[in-house]
Protein chains: 2
Amino acid sequence: MALVDQIRASILNGESGPGTVLSQTDLAAAHGVSRIPVRDALQALAAEKIVEILPGKGARVITLSADELDEIFDLRTLLECDLLRRATALADAKAHAEAEYMLQKSSLEAERPGWHAGDWDFHRTLYLPAGRPRQLSIVEELRTSCVVHAAGYAGLASETQQWLEDHRRMVQAYVNGAADEACKLLHSHIIAARNALTSVAM
Amino acid sequence: MALVDQIRASILNGESGPGTVLSQTDLAAAHGVSRIPVRDALQALAAEKIVEILPGKGARVITLSADELDEIFDLRTLLECDLLRRATALADAKAHAEAEYMLQKSSLEAERPGWHAGDWDFHRTLYLPAGRPRQLSIVEELRTSCVVHAAGYAGLASETQQWLEDHRRMVQAYVNGAADEACKLLHSHIIAARNALTSVAM
DNA sequence: TGTCGTATACGCGTATACATATTTAAGCGG
DNA sequence: CCGCTTAAATATGTATACGCGTATACGACA
């Protein structure tokens with residue numbers, strides 16, 4: 001496992017929460033490497049907008065304000081709905097089967113540690129037929145930024161059943177080629193995620 | 001001027017075109033520094049999607065396919081129109097004055113080296129009242145990726161007068177609060193940019 | 001007692017040096 | 001003459017070392 005993945009994981013699982021100062025020296029010692037690869041990893045994470053680097057003063061895990069979270073969720077709505085619309089129009093039988101499979105898979109992973117990854121796997125599978133790798137990577141980045149703040153709050157479980165129901169209905173619209181319906185469901189799905197996050201993080 | 005800015009400038013002005021291999025050793029020697037800051041700069045540029053790093057094999061300036069350019073321009077349309085719509089609704093008299101000023105300024109810079117920067121200054125000024133810094137930075141990144149391929153082709157001048165006319169009409173709709181009209185203009189403006197770029201780059 | 005100045009320590013930025021992987025070219029064989 | 005193997009050269013990845021800035025803590029002074 002690459003160094004950058006280890007550090008990212010420690011942030012996303014809540015081990016290093018928002019605002020945590022990440023010392024190059026400490027990280028180097030902890031992972032048994034020199035500071036150079038640590039610097040590379042931190043800069044890569046800065047590129048993902050997971051940490052921010054204050055020149056000469058080190059790196060820290062990002063802290064998002066309510067406004068910034070609003071912007072991120074608005075962007076997600078804009079970009080993910082566009083992806084879903086394109087994907088719904090282009091998805092073939094194989095894509096439909098993949099979506100059904102990921103729906104089952106994510107249902108099993110719900111409420112378990114690392115459900116974020118499973119949720120993203122599900123959504124990404126839906127978006128994949130759109131053929132928009134860059135848009136997909138931007139969305140992934142935005143989602144990851146949210147996870148930084150969602151980590152440690154596994155207590156979103158109360159909403160889990162509703163989320164799974166959303167997913168089911170989304171797949172139904174997806175396989176039926178009902179793009180408008182699918183986007184409508186996704187829209188409210190993302191808004192619900194925003195409300196759930198802000199209710200626990202603010 | 002920071003090292004990363006120097007290297008970025010050499011790419012954006014066409015000095016290092018798409019596909020150019022960027023040697024750490026050469027860049028270090030050329031700028032009179034060691035390879036460590038060069039590595040940092042290259043990774044920062046990779047984060048901006050201007051260069052791609054092939055592990056163990058060095059860095060090269062990105063080369064975008066027609067599909068990737070299509071995706072970028074679709075994303076720009078989606079994100080910039082959303083920004084303009086929000087900004088039009090929120091812009092006050094001061095913002096209107098700023099827009100008028102930038103219109104004049106970008107008109108003077110047209111057809112001159114570095115007109116990309118002036119064009120972006122103009123558009124950014126329009127978008128600023130939307131209060132969406134992250135969305136703005138994503139758009140800037142997408143635009144910069146395009147400039148990598150547009151650099152060296154100053155010959156887009158044939159379209160310059162049309163572009164300036166687009167800008168004028170856009171500002172007019174902007175100050176009148178006509179969001180739909182402004183977005184419609186911007187939409188065709190971006191599509192025209194895409195056609196101009198693909199006609200010279202492909 | 002509070003505040004400012006100084007000294008010490010800690011951490012980042014960078015240069016140098018070494019290890020490893022890739023590329024290239026030369027040499028050998030078919 | 002072409003292709004494969006091998007070895008030297010070159011470039012990247014990483015470790016170590018040093019210079020510099022910043023932060024903190026202690027002490028002097030108001």
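Lettering of chains follows the sequences in order, A, B, ..., and the numbering in each one begins at 1. This is a predicted model, so every value here is computed, not measured.
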Open item on the list: Within a 6.0 Å radius of atom CZ on Arg124(A), are there more than 12 heavy atoms belonging to other residues, nucleotides or ligands?
Closed with: yes
TODO: Inspect the surroundings of CD in Glu68(B) and state if more than 12 heavy atoms from other residues, nucleotides or ligands are less than 6.0 Å away.
DONE: yes
Task: Pair Asp82(A) + Arg85(A), salt bridge at N-O below 4.0 Å - done: no
TODO: Give a yes or no on whether a salt bridge exists between Arg194(A) and Asp70(A), defined as a side-chain N under 4.0 angstrom from a carboxylate O.
DONE: yes
TODO: Rounded to 10°, tell me the angle between the two end axes of the helix from dT1(C)-dA30(D) to dG30(C)-dC1(D), each built from five pairs.
DONE: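 The angle, to the nearest 10 degrees, is 10°.
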TODO: Apply the test salt bridge (charged side-chain N to carboxylate O under 4.0 Å, His left out) to residues Glu165(B) and Arg168(B): give CA-CA distance (whole Å), side-chain angles for both, the deciding distance (0.1 Å), then the verdict.
DONE: CA-CA 5 Å; Glu165(B) 179 61 22; Arg168(B) 271 189 287 272; 3.3 Å; yes
TODO: Report the residue (Asp26(A) or Arg35(B)) whose heavy-atom-nearest nucleotide on DNA chain C is the more 5′ of the two.
DONE: Asp26(A)
Task: 5′-ward residue of the pair Gly32(A)/Lys57(B) relative to DNA chain D - done: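 In this pair, the answer is Lys57(B).
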Open item on the list: Is it the case that the side chains of Arg134(A) and Ser145(B) hold a donor-acceptor pair, with the cut-off being a distance below 3.5 Å and no angle test?
Closed with: yes
TODO: Please list, in 5' to 3' order, the outermost nucleotides of DNA chain D lying under 4.0 Å from any heavy atom of chain B.
DONE: dA11(D) to dT14(D)
Task: Partner residues of His187(B) under the ring pair (Phe, Tyr, Trp, His ring centres under 6.0 Å) criterion, sequence neighbours left out - done: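 Counting only residues at least two positions away or on another chain, His187(B) forms no ring pair (Phe, Tyr, Trp, His ring centres under 6.0 Å).
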Open item on the list: Using a 3.5 Å distance criterion without hydrogens, assess whether the side chain of Gln135(B) forms a donor-acceptor pair with backbone atoms of Leu75(A).
Closed with: no
Task: Arg39(B) CZ to dT16(C) P, straight-line distance once rounded to whole Å - done: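 About 17 Å, once rounded to whole Å.
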